[in-house]
Colleague: 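The structure is given below, and queries will be raised subsequently.
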Amino acid sequence: MAASLRLGSRGILNGIKLIRTCRGIPQSHHGHYRHYFQSQSLFGAAPMKVMMPALSPTMEEGRVLKWLKKEGESVSAGDALCEIETDKAVISMDSNEDGILAKILIEEGSQSVRLGTLIALMVDEGQDWKQVEIPAPESAPAPLPSTPPSSAAPTGAVSHKVEPRVGTGQLRLSPAARHILDTHGLDPGQAKPSGPRGLITKEDALNLLKQTGSRGPAAPKAASVPSAAPQPPQPSQPAHPASTSQAYPRPSIPPISVPGKPAAPGMFTEFPSSNVRRVIAKRLTESKTTIPHSYASIDCDLGAVQQLRMDLAKDAIKVSVNDFIIKAAAITLKEMPEVNVTWSREGPQSLGSIHISIAVATEKGLLTPIIRDAATKGVQEIAANARALAQKARDGKLLPEEYQGGSFSISNLGMFGISGFSAVINPPQACILAVGRLRPELSPCLDSDGSPALRQQQLMTVSLSSDGRLIDDQLAAQFLDKFRANLERPQRMALI
């Protein structure tokens, strides 16, 4: 009965029913009813944990956009539980078990949810989902104190910040040393600089911290005799006193603006970034800092491509210039397999397939869906695949197999009037081709009778960014020359 009283009215009613049922039962059967009080029907249902899964190989955290099931609804294996925004797209997370969705722990719109985080709880069919046991959150280990407490110091003493001495010359501090001195309220004038040109380094600040931690703050010369009574605690001072800024001036950080109020000069407004945007920023930084980029450019005459497009349009076949560029790049990679390579942790790897990644601008960032086996497809099929993938990328409905595993990337900014640019390599790929706009230019030539004349060309500049570890400058130049030859003779690509 004591257990039932702790469970409230529901437990009391169950206990009364059990007592009535147990009257006249032999003593040997009482153990079965003792087990009843320890069952999940009284003490809550044991939950099945739903964790944040890894929905892509490069995913480190996700964002729960929408829950497709509500608390209390039945769930079958394979049912979509929620929509999760990964580093590439929005993917539905399916349930692996049958049961009832008992508790949603991560609400819609929650950002930066790390992999393995508990996001929901489920119970088996027939159990009371309202009595689900919510696991206690894992407590983080207590942080260690920055400085060990001194046994000689009195218990109630409060360390006060020492004002820095303003000398004849301005002190020079490293950022790490400045942070340590500001945090512990130490006088930078007491540190012994060991860096170049009198720079106070992090080690100098740590040495000063050890000295002050062992013997307490330095006392003035007039008070050299220690007093028997402890000094009263000093009032807390601001983190950056005026004297400190005079000793080593620091730029002020612009304050954050308040929504609904007019912004003052120097203010800024923070806005949330999507998981896709954060992952793009991380991967671009890794690419520019770890991959030695080499650049080469060449002009291509697209007169034959434009004429072929007009001929195809008469038969209601619509293809773009970018479709011919994709086809030409795939054919060139087929002719030069030494360029169709990637760099992994084990080193260079030659690829047996040619999958072209095309850059698509979306509201959340730049995505790169893949046209697989582009060398074996015709221009019309490439055009259909490119349109479908671009629309799925803008809608956030790309599947993992539609954006993973590319071997070569193409980024086209010609529709925005850009003449030429250099793109950043998408690791682990070795190359990316940046495409500019078409521009008419006059060039000298000879007419039929041999006299000099002028002709108009439709020129387009393409720039190749290549990984210097895999592709040297000569190989990049040969690739661009063969790419131009394939693009300027589009009928030839159909024969290769």
Colleague: When you check the side-chain N and O atoms of Ser451 and Asp449, is any donor under 3.5 Å from an acceptor?
Modeller: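 Per modelled atom types, Ser451 and Asp449 side chains form a pair under 3.5 Å.
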
Colleague: Hydrogens and angles aside, do Gln429 and Ser407 bring a side-chain donor and acceptor to less than 3.5 Å of each other?
Modeller: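 No pair is found: no donor N or O on one side chain lies under 3.5 Å from an acceptor on the other.
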
Colleague: Between Asp323 and Val319 (side chain of the first, backbone of the second, donor and acceptor by atom type, cut-off under 3.5 Å), is there such a pair?
Modeller: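 No, the answer is negative, given that no donor and acceptor are paired below the 3.5 Å cut-off.
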
Colleague: OG1/Thr342 to CG/Asp467 distance, rounded to the nearest 0.5 angstrom?
Modeller: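 Thr342 atom OG1 to Asp467 atom CG measures 10.0 Å (nearest 0.5 Å).
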
Colleague: Count the heavy atoms belonging to other residues, nucleotides or ligands that lie under 6.0 Å from NZ of Lys202, then report whether that count exceeds 12.
Modeller: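 Atom NZ in Lys202 is not crowded, with 12 or fewer foreign heavy atoms closer than 6.0 Å.
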
Colleague: Give a yes or no on whether a salt bridge exists between Arg283 and Glu60, defined as a side-chain N under 4.0 angstrom from a carboxylate O.
Modeller: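 No salt bridge links Arg283 with Glu60.
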
Colleague: Could you check, using the six-membered ring where one of them is a Trp, whether Phe421 and Phe416 have ring centers closer than 6.0 angstrom?
Modeller: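 When the ring centroids of Phe421 and Phe416 are compared, they turn out to be at least 6.0 Å apart.
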
Colleague: Check step by step if side-chain contact (heavy atoms from CB on, under 4.5 Å) holds for Glu85 and Lys364.
Modeller: CA-CA 11 Å; Glu85 181 187 48; Lys364 298 179 180 179; 3.1 Å; yes

Colleague: Is the closest basic N to carboxylate O distance between Arg394 and Glu363 below 4.0 Å?
Modeller: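 Salt bridge absent between Arg394 and Glu363.
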
Colleague: Side chains of Ile200 and Ser174: closer than 4.5 Å at any heavy-atom pair?
Modeller: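 No, every pair of side-chain atoms sits at 4.5 Å or beyond.
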
Colleague: Going by atom types only, do Ser92 and Glu83 share a side-chain donor-acceptor pair under 3.5 Å?
Modeller: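 Side chains of Ser92 and Glu83: no pair found under 3.5 Å.
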
Colleague: Checking the side chain of Lys103 only, and the main-chain atoms of Val132 only, is there a donor and an acceptor separated by less than 3.5 Å?
Modeller: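 Judged by distance alone, no pair lies under 3.5 Å.
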
Colleague: Does Asn426 reach the main-chain N or O of Ser409 with its side chain, forming a donor-acceptor pair under 3.5 Å?
Modeller: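 Flag not set: sc Asn426 to bb Ser409 has no pair under 3.5 Å.
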
Colleague: Test side-chain contact (heavy atoms from CB on, under 4.5 Å) on Asp481 and Arg484 and set out the steps.
Modeller: CA-CA 5 Å; Asp481 184 61; Arg484 178 178 60 180; 3.1 Å; yes

Colleague: Just wondering, are more than 12 heavy atoms of other shown residues or ligands nearer than 6.0 Å to CD in Gln491?
Modeller: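 Yes, the 6.0 Å shell around CD holds more than 12 heavy atoms from other groups.
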
Colleague: Salt-bridge test for Glu401 and Arg372: reply yes if a basic N is under 4.0 Å from a carboxylate O, no otherwise.
Modeller: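 Arg372 and Glu401: not salt-bridged.
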
Colleague: Would you mind reporting whether Ser465 and Val424 have side-chain heavy atoms less than 4.5 Å apart?
Modeller: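 Not in contact.
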
Colleague: Walk me through whether Arg455 and Leu442 qualify under side-chain contact (heavy atoms from CB on, under 4.5 Å).
Modeller: CA-CA 5 Å; Arg455 65 168 180 169; Leu442 294 176; over 6 Å; no

Colleague: If you define the side chain from C-beta out and look only at heavy atoms, does anything of Leu433 sit under 4.5 Å from Leu480?
Modeller: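 Of all side-chain heavy-atom pairs linking Leu480 with Leu433, at least one is under 4.5 Å.
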
Colleague: Looking only at heavy atoms, which two atoms of Thr201 and Ser194 are closest? And how far apart?
Modeller: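 That would be OG1-OG, 3.6 Å.
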
Colleague: For a 4.5 angstrom cut-off between non-hydrogen side-chain atoms, does Val321 reach Arg309?
Modeller: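 Side chain of Val321 against side chain of Arg309, heavy atoms only: contact under 4.5 Å found.
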
Colleague: Going by the angle between their ring planes, with limits at 30° and 60°, are Tyr295 and His293 parallel, tilted or perpendicular?
Modeller: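 The arrangement is tilted - the two ring planes meet at 30° to 60°.
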
Colleague: Check whether any side-chain heavy atom of Val113 lies under 4.5 Å from a side-chain heavy atom of Ile119, and answer yes or no.
Modeller: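 Counting from C-beta outward, Val113 and Ile119 do come under 4.5 Å.
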
Colleague: List the atom of Ala80, the atom of Lys69, and the distance in Å for their closest heavy-atom pair.
Modeller: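 The pair with the smallest heavy-atom distance is O-CG, 3.7 Å.
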
Colleague: Does Lys482 NZ have over 12 foreign heavy atoms under 6.0 Å away?
Modeller: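 At most 12 heavy atoms, drawn from other residues, nucleotides or ligands, come within 6.0 Å of this atom.
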
Colleague: I'd like to know if the side chain of Asp373 pairs up with that of Thr376 as donor and acceptor (distance under 3.5 Å, no hydrogens or angles considered).
Modeller: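 No, no side-chain donor-acceptor pair sits under 3.5 Å.
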
Colleague: Does a side-chain heavy-atom distance below 4.5 Å link Leu459 with Leu438?
Modeller: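 In short, these two side chains do not touch, never coming nearer than 4.5 Å.
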
Colleague: Could you check whether any side-chain N or O of Gln306 sits under 3.5 Å from a backbone N or O of Gln458, counting only pairs where one atom can act as donor and the other as acceptor?
Modeller: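 The answer is no, because no donor-acceptor pair under 3.5 Å joins these two groups.
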
Colleague: Are side-chain heavy atoms of Ile100 and Gln127 found at a separation under 4.5 Å?
Modeller: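 Contact flag for Ile100/Gln127 side chains = no.
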
Colleague: Verify side-chain contact (heavy atoms from CB on, under 4.5 Å) between Leu118 and Val50, making sure each step is shown before the conclusion.
Modeller: CA-CA 6 Å; Leu118 183 63; Val50 181; 5.5 Å; no

Colleague: For Phe483, is there any backbone N or O sitting under 3.5 Å from a side-chain donor or acceptor partner on Asn486?
Modeller: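 Absent.
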
Colleague: Does Ser297 form a side-chain hydrogen bond (donor to acceptor under 3.5 Å, both in side chains) with Ser463? I'd like the steps, not just the answer.
Modeller: CA-CA 4 Å; Ser297 301; Ser463 301; 2.7 Å; yes

Colleague: Is a side-chain N or O of Asn385 found less than 3.5 angstrom from the main chain of Ile371, in a donor-acceptor match?
Modeller: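 Side chain of Asn385 to backbone of Ile371: no pair is present.
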
Colleague: Could you tell me whether a side-chain N or O of Asp315 sits under 3.5 Å from a main-chain N or O of Leu312, the two making a donor and an acceptor?
Modeller: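 Here the side-chain-to-backbone pair does not exist.
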
Colleague: Give me the atom names and distance for the closest heavy-atom approach of Glu107 to Val64.
Modeller: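 Residues Glu107 and Val64, closest heavy atoms: O-CB, 4.0 Å.
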
Colleague: Got more than 12 heavy atoms from elsewhere within 6.0 Å of CG, Asp473?
Modeller: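 Counting other residues, nucleotides and ligands, CG of Asp473 stays at 12 neighbours or fewer.
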
Colleague: Is the number of heavy atoms from other residues, nucleotides or ligands under 6.0 Å of Glu286 CD greater than 12?
Modeller: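 Yes.
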
Colleague: Given 3.5 Å as the limit, does a donor-acceptor pair link the side chain of Ser110 with the main chain of Ile106, or not?
Modeller: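 Looks like no, no N/O pair under 3.5 Å.
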
Colleague: Could you walk me through whether Arg439 and Asp299 pass the salt bridge (charged side-chain N to carboxylate O under 4.0 Å, His left out) check?
Modeller: CA-CA 10 Å; Arg439 63 185 190 278; Asp299 289 335; 3.3 Å; yes

Colleague: So does Glu61 pair up with Arg114, basic N to acidic O under 4.0 Å?
Modeller: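 Salt bridge between Glu61 and Arg114, a charged N being under 4.0 Å from a carboxylate O: yes.
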
Colleague: If we count only N and O atoms by modelled type, under 3.5 Å, do the side chains of Glu97 and Ser95 hold a donor and an acceptor together?
Modeller: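 Short answer, no.
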
Colleague: Step through the shown structure and confirm whether more than 12 heavy atoms of other residues, nucleotides or ligands are within 6.0 Å of CG on Asn96.
Modeller: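 Counting other residues, nucleotides and ligands, CG of Asn96 stays at 12 neighbours or fewer.
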
Colleague: What's the shortest heavy-atom distance between Ile370 and Gly406, and which atoms?
Modeller: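 Ile370 and Gly406 have their closest heavy atoms at CD1-N, 3.1 Å.
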
Colleague: With distance as the sole test, does Glu488 use its side chain to make a donor-acceptor pair with the main-chain N or O of Ala485 at under 3.5 Å?
Modeller: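 Pair absent, no side-chain N/O of Glu488 close to backbone of Ala485.
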
Colleague: Report yes if the side chains of Phe408 and Ile432 come closer than 4.5 Å at any heavy-atom pair, otherwise no.
Modeller: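 In short, these two side chains do not touch, never coming nearer than 4.5 Å.
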
Colleague: Under a 3.5 Å cutoff, is there a donor and acceptor pairing between the side chains of Thr86 and Arg63?
Modeller: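 No, because no side-chain N or O of Thr86 sits under 3.5 Å from a partner of the opposite role on Arg63.
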
Colleague: Salt-bridged, Lys392 to Asp395, with N to O below 4.0 Å?
Modeller: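 Salt bridge between Lys392 and Asp395, a charged N being under 4.0 Å from a carboxylate O: no.
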
Colleague: Roughly how far apart are Ile358 CD1 and Ile326 CD1, rounded to 0.5 Å?
Modeller: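 So the CD1 of Ile358 and the CD1 of Ile326 are separated by 5.0 Å.
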
